[in-house]
There are 2 protein chains.
Amino acid sequence: MTTPRQNQLLALLLKRGQTQVQDIAQELGASLATVRRDLTDLEAQGRVERLHGAAQIASAAREEVAFAARESVNARAKRTIAATAFGAVKPGATVFLDASTTVLQLVRHIIAMDQPIKVFTNSLRVAQELALVSHVDLSLIGGRVREENLSMVGPLACAALNNLWIDQLFLGATAIDNEGTLSSVDADEAAVNATMMARAAETFILADSSKFEKRATHAVTTLREGHRLITDLPPPPAFAAHAKRADISLTIANSADT
Amino acid sequence: MTTPRQNQLLALLLKRGQTQVQDIAQELGASLATVRRDLTDLEAQGRVERLHGAAQIASAAREEVAFAARESVNARAKRTIAATAFGAVKPGATVFLDASTTVLQLVRHIIAMDQPIKVFTNSLRVAQELALVSHVDLSLIGGRVREENLSMVGPLACAALNNLWIDQLFLGATAIDNEGTLSSVDADEAAVNATMMARAAETFILADSSKFEKRATHAVTTLREGHRLITDLPPPPAFAAHAKRADISLTIANSADT
DNA sequence: CTTAAACGATCAAAATTTTGATTGAATAAG
DNA sequence: CTTATTCAATCAAAATTTTGATCGTTTAAG
C-alpha cells in the first residue's frame with residue numbers, strides 16, 4: 001500500500017507540518033518527480049493534502065487508521081467504558097450498536113447477559129458476533145459496506161433508520177471538540193450517525209479520553225440536553241464546563257466496576 | 001492480493017475440483033515453477049489445499065455456520081449449477097445474491113473473477129465472504145437476521161428492496177411444484193424472495209433436481225415468462241411441459257462445460 | 001498583466017520483480 | 001527397498017515497475 005519512502009514522507013509531514021516539495025525531495029534524497037508521484041499516490045489515498053509547492057497531512061487522515069490497528073489502541077479504557085455502558089442497558093429495550101471499536105467491546109457483555117434483547121446495528125462485525133446468540137433478536141439496517149470498518153452507510157442505511165424507533169443508542173465517537181460537536185472522518189458515516197441520533201430516545205456516546213479536543217472533517221451533530229457521554233478520564237475543563245451548562249450527562253467509567 | 005493468473009487458477013479449481021499441477025500449468029500457459037509459486041501463495045492465504053502433484057480449493061473455505069449439513073447435500077450438483085449461473089453474469093451488472101446454499105457457491109466464482117461488480121445481498125454469509133474483496137462493491141439490504149440461514153428478512157428488508165432496481169437476481173429455490181410455483185418454509189423468507197423478483201430485470205432460479213415436485217408451506221410466486229431456471233438434471237416431464245408452455249427458460253447445467 | 005515557480009506528461013535508464021530451466025532433496029507408489 | 005515423480009531452491013533471462021531529466025502548460029504572487 002505505501003512504500004517505505006512514502007512512510008518516511010508521511011513521518012516528515014507529521015513532524016514538520018506543511019512542508020515545501022523542494023525540502024521533502026532534499027530530505028528524502030529523491031527527485032522532485034518522485035516526490036510528486038508519491039504525493040499523488042498519498043493524495044489518492046486521502047492521506048495528504050497538496051498545496052501549490054507544498055504538502056501536509058490530510059486533516060481527515062489524522063484519525064483514520066485501519067480498524068484492526070485502532071481496536072487495540074486504548075483497549076483497557078474501551079473495556080472499562082463498555083462495562084459502564086452495559087450497566088445502562090435497560091432490560092427489554094431495543095438497542096442500537098454502531099460500528100465503532102468501543103461499542104464492539106459492549107457486544108461481549110450482551111453475549112453474556114441472560115435476558116432477551118433486541119439489537120439493531122450497522123456493523124458487520126457486530127452482526128457476526130451476535131448472529132447466532134439465541135437471546136439476541138438481531139436486525140441490520142442495510143447499506144453499502146465500507147471496507148474500512150465493515151459498517152453499512154449511505155442512503156439505504158439512512159432510509160432504513162428513518163423507519164425505526166430506537167430506545168437506546170450506543171455510539172462510539174471519533175472526535176469531540178470543546179463545544180460538544182462530534183465529528184467523523186467519513187461523510188457517509190457522519191450522516192448515518194446523525195440519523196441514528198435523531199431516531200433514538202436515549203443516546204450514549206462512548207469515547208475514551210483521547211477523543212477530546214479533536215475535530216475530524218465531517219460534523220455529525222452537537223451534543224444536547226439528555227445526551228450521555230461515557231469516558232474513562234475527566235475531560236478538559238472547557239468541555240466539562242460546556243457539558244454542565246448544556247445539561248449533558250457525563251460519566252467517568254471506573255475500572256473497579258468491570 | 002491475487003494476480004489475474006491466480007484468479008484464473010482459482011476459477012479453474014472451482015470448475016474442475018482437484019486438478020493435477022501439470023494440467024494447471026498447461027491450462028494457464030505457465031511453467032510448472034510459476035504454478036507452484038502461485039499455489040504456495042494461495043496456500044498461505046488458505047484458499048487452496050495442495051496434495052502431492054495436485055491441488056484443490058481449500059475445504060476450510062467451505063466451512064459452515066448453521067447450515068453446514070445442507071451445503072454438502074448435492075454439493076456437486078450445486079457447484080455445476082453455480083458455474084453455469086456464473087456464465088450468465090453480465091460485466092458491469094448489479095447482481096443480487098440471495099441466502100441459499102446454491103447461490104453461495106456462485107460467490108466463489110465472483111471472488112475469483114477479475115472484473116469489478118456491484119453485489120447486493122440479504123445473506124450475512126455472502127457478506128462475510130465478499131466484504132473485503134476489493135473488486136466487489138457490496139451492499140446489504142437490512143432486516144431481521146434469521147438464525148437458520150443468516151438471511152435478512154422482514155419489513156425492513158422488503159422496504160429496502162423496494163428502493164432498488166436489480167439487473168440480475170440469483171435465487172435459490174427450496175421447492176418447485178409442477179405448476180412452476182416456488183415455495184419456502186418461512187413466511188418472511190417467502191415474502192422477501194417475492195419482493196426481490198418484483199425488483200429484478202432478470203431472475204435466475206438455481207435449483208438442483210431434488211427440489212422438483214416439492215411444496216413448502218409458504219408460496220413465493222409462480223414462475224412466469226422470462227424467468228430462467230438452472231438445474232442439473234432434466235426436470236419431471238410434467239414440469240418441463242409447463243415450462244415450455246409458459247415460456248420459462250430451462251438450462252441443464254453440464255459439469256463438462258465447467 | 002507579467003513572471004517565476006510548480007505542475008503533469010513523456011521517455012529512456014535503472015532497479016526491481018517475475019518467470020522458466022536446472023539442480024539435488026523429498027515423497028509416494030510399487 | 002527401489003524408483004519414478006514431485007517438490008523447493010537457485011540463478012540468469014525477461015518483463016515490469018520505478019526513477020529522474022526534460023519538456024510545454026498551469027498556477028499564483030507581485
Side-chain angles (χ1 to χ4, degrees), chain A residues 1-62 66 147 217, chain B residues 1-62 91 111-116 132-136 258:
Chain A
M1 192 84 101
T2 56
T3 68
R5 193 187 51 244
Q6 288 176 336
N7 284 332
Q8 267 190 281
L9 200 164
L10 288 170
L12 187 69
L13 291 186
L14 279 165
K15 194 169 80 177
R16 298 268 188 82
Q18 195 180 111
T19 309
Q20 294 295 113
V21 177
Q22 299 268 10
D23 298 343
I24 297 171
Q26 184 163 11
E27 194 78 26
L28 300 187
S31 71
L32 286 175
T34 301
V35 171
R36 291 214 174 89
R37 270 187 285 255
D38 282 346
L39 288 174
T40 306
D41 275 5
L42 293 169
E43 188 181 31
Q45 294 173 35
R47 307 183 61 163
V48 305
E49 280 165 7
R50 301 179 70 179
L51 316 167
H52 196 76
Q56 62 188 6
I57 295 290
S59 51
R62 288 191 190 122
E147 285 191 34
T217 315
Chain B
M1 192 77 109
T2 56
T3 67
R5 192 188 49 242
Q6 288 175 336
N7 282 334
Q8 267 189 280
L9 201 164
L10 287 171
L12 187 69
L13 291 187
L14 279 164
K15 287 174 196 164
R16 298 269 186 80
Q18 196 180 108
T19 309
Q20 292 296 114
V21 177
Q22 299 268 10
D23 299 343
I24 298 171
Q26 184 163 10
E27 193 79 24
L28 300 186
S31 71
L32 285 175
T34 301
V35 170
R36 292 215 173 88
R37 271 187 284 254
D38 281 346
L39 288 174
T40 305
D41 275 6
L42 293 169
E43 188 181 29
Q45 295 174 34
R47 305 179 66 164
V48 304
E49 279 168 7
R50 301 180 71 179
L51 316 168
H52 198 75
Q56 63 188 6
I57 295 292
S59 58
R62 294 182 204 124
I111 291 174
M113 76 194 278
D114 46 23
Q115 293 231 336
L132 295 176
V133 178
S134 57
H135 64 270
V136 174
T258 53

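All chains are named by letter (A, B, ...) in the order of the sequence lines, taking the proteins before the strands, and each is independently numbered beginning at 1. Only heavy atoms go into these numbers, but all of them, side chains included; no hydrogens, no water, no symmetry mates.
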key: Phosphate-side-chain proximity, A:Ser31 and D:dT19, N/O vs OP1/OP2 below 4.0 Å   = no

inquiry  = Measure CD/A:Gln6 against C1'/D:dT17 and give the value in whole Å, please.
reply    = 13 Å

inquiry  = Taking only side-chain N and O atoms of A:Thr34, does any of them lie within less than 4.0 angstrom of OP1 or OP2 on D:dT19?
reply    = no

query = Nearest to the side chain of A:Gln22, which nucleotide is it out of D:dA8, C:dA6, D:dG20?
reply = C:dA6

ask   = Under 4.0 angstrom, heavy atoms only, what part of the nucleic acid is B:Leu51 near: base, sugar-phosphate, or nothing?
value = sugar-phosphate

ask   = Which whole-number value in Å describes the distance from B:Glu43 CD to D:dC7 P?
value = 10 Å

query = Of B:Gln20 and B:Ala33, whose closest DNA chain D nucleotide lies nearer the 5' terminus?
reply = B:Gln20

ask   = Can you check whether B:Asn7 reaches B:Met113 side chain to side chain, under 4.5 Å on heavy atoms?
value = no

key: Any B:Arg50 side-chain N or O less than 4.0 Å from OP1/OP2 of D:dA8   = yes

note = Between CG of A:Asp23 and P of C:dA6 the distance, given in whole Å, is 10 Å

message = Suppose we screen for side chain to side chain donor-acceptor pair (under 3.5 Å). Which residues come up paired with A:Gln18, at least two apart in sequence or across chains?
response = A:Gln56

key: A:His52, nearest nucleotide to its side chain (from D:dC7, D:dG20, D:dA28)   = D:dA28

inquiry  = If I take atom CG in residue B:Leu39 and atom C1' in nucleotide D:dA8, what distance separates them, rounded to the nearest angstrom?
reply    = 13 Å

inquiry  = With a 4.5 Å cut-off on side-chain heavy atoms, are B:Arg50 and B:Leu42 touching?
reply    = no

inquiry  = Checking the side chain of B:Thr19 only, and the main-chain atoms of B:Gly17 only, is there a donor and an acceptor separated by less than 3.5 Å?
reply    = yes

remark   = With sequence neighbours left out, the residues meeting salt bridge (Lys or Arg N to Asp or Glu O under 4.0 Å) with B:Arg37 are none

remark   = B:Leu32 atom CG is separated from D:dC7 atom C1', nearest whole Å, by 11 Å

inquiry  = So, under a plain 3.5 Å distance rule, would you say the side chain of A:Arg37 forms a donor-acceptor pair with the base of D:dG20?
reply    = yes

query = Can you tell me how far the CG atom of A:Leu28 sits from the CG atom of A:Asp38, to the nearest 0.5 Å?
reply = 8.0 Å

inquiry  = Report for the helix from C:dC1-D:dG30 to C:dG30-D:dC1: angle between first-end and last-end helix axes, five pairs each, rounded to 10 degrees.
reply    = 50°

query = Rounded to the nearest 0.5 Å, how far does CG of B:Leu12 lie from CD1 of B:Ile24?
reply = 6.0 Å

message = It should be established whether A:Arg36 places a side-chain nitrogen or oxygen under 4.0 Å from OP1 or OP2 of nucleotide C:dA9.
response = no

